[in-house]
**Student:** 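Supplied in structure tokens, the structure appears directly below.
Because only heavy atoms are used, hydrogens play no part in the values below, and waters and symmetry mates are left out as well, while side chains stay in.
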Amino acid sequence: NTITIKSPMIGTFYRSSSPDKPAFAEVGTEITPGKVVCIIEAMKLFNEIEAEVKGKIVKILVENASPVEYDQPLFLVEPS
């Protein structure tokens, strides 16, 4: 019983704000609405993607620096 966080746009998926920074979210991270879970770069703009649910991340479905499509699943969240 999980909720899927999907990409709201086409772009490049990044798990952290820069290569030397920690990832916004790992498997097991507790999230709440408004918490940034990743960044998607589209046309040189970096868009913070925020969680809309409260729960725990159970799976990350995309590799860092990978291209993503609109509506592509990014994370699976166990709601709490």
**Student:** Hey, are the side chains of Ile3 and Pro79 touching, using non-hydrogen atoms and a 4.5 Å cut-off?
**Tutor:**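 Result yes, sub-4.5 Å side-chain heavy-atom pair found.
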**Student:** For residues 17-34, tabulate all N or O donor-acceptor pairs below 3.5 Å that involve a side-chain atom, not counting sequence neighbours.
**Tutor:**
unit_1, atom_1, unit_2, atom_2, d
Ser18, OG, Asp20, OD1, 2.6
Glu26, OE1, Arg15, NH2, 2.6
Thr29, OG1, Glu26, N, 2.8
Thr29, OG1, Glu26, O, 2.9

**Student:** Looking at every heavy atom in both Val68 and Leu74, which two are closest together, and how far apart are they?
**Tutor:** CG1-CD2, 3.9 Å
**Student:** Considering all heavy atoms of both residues, which atom of Asn47 and which atom of Met9 are nearest to each other, and what is their separation?
**Tutor:**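 Looking at all heavy atoms of both residues, the closest pair is ND2-SD, 3.4 Å.
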**Student:** Are Leu61 and Phe75 side-chain neighbours, meaning at least one heavy-atom pair lies under 4.5 Å?
**Tutor:**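 When only atoms from C-beta onward are counted, Phe75 and Leu61 do not touch, as no gap falls below 4.5 Å.
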**Student:** Using every non-hydrogen atom in the two residues, find where Val37 and Ala51 come nearest and quote the distance to one decimal.
**Tutor:** CG1-CB, 4.1 Å
**Student:** In Å and rounded to the nearest 0.5 Å, what is the CD to NZ distance from Glu48 to Lys35?
**Tutor:** 10.5 Å
**Student:** Which pair of heavy atoms, one from Ile49 and one from Pro8, lies closest together, and at what distance?
**Tutor:**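 Looks like CD1-CG, 3.6 Å.
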**Student:** Return each pair, listed once, that meets salt bridge (charged side-chain N to carboxylate O under 4.0 Å, His left out) where at least one residue sits in residues 49-67; pairs must be two or more places apart or across chains.
**Tutor:** none
**Student:** If you measure from CD1 on Ile60 to CD1 on Ile5, what distance do you get to the nearest 0.5 Å?
**Tutor:**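 It is 10.0 Å, given to the nearest 0.5 Å.
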**Student:** Which pairs pass salt bridge (charged side-chain N to carboxylate O under 4.0 Å, His left out) with one or both residues in residues 71-80, sequence neighbours excluded?
**Tutor:** none
**Student:** Taking C-beta and beyond as the side chain, do Thr4 and Leu76 meet within less than 4.5 Å on heavy atoms?
**Tutor:**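 Touching, per the 4.5 Å side-chain cut-off.
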**Student:** Are Ile57 and Ile40 connected in a single hydrophobic cluster, I mean Ile/Leu/Val/Met/Phe/Trp/Tyr linked by side-chain heavy atoms less than 4.5 Å apart?
**Tutor:** yes
**Student:** How about Phe13 and Ser7: do any of their side-chain heavy atoms sit closer than 4.5 Å?
**Tutor:** no
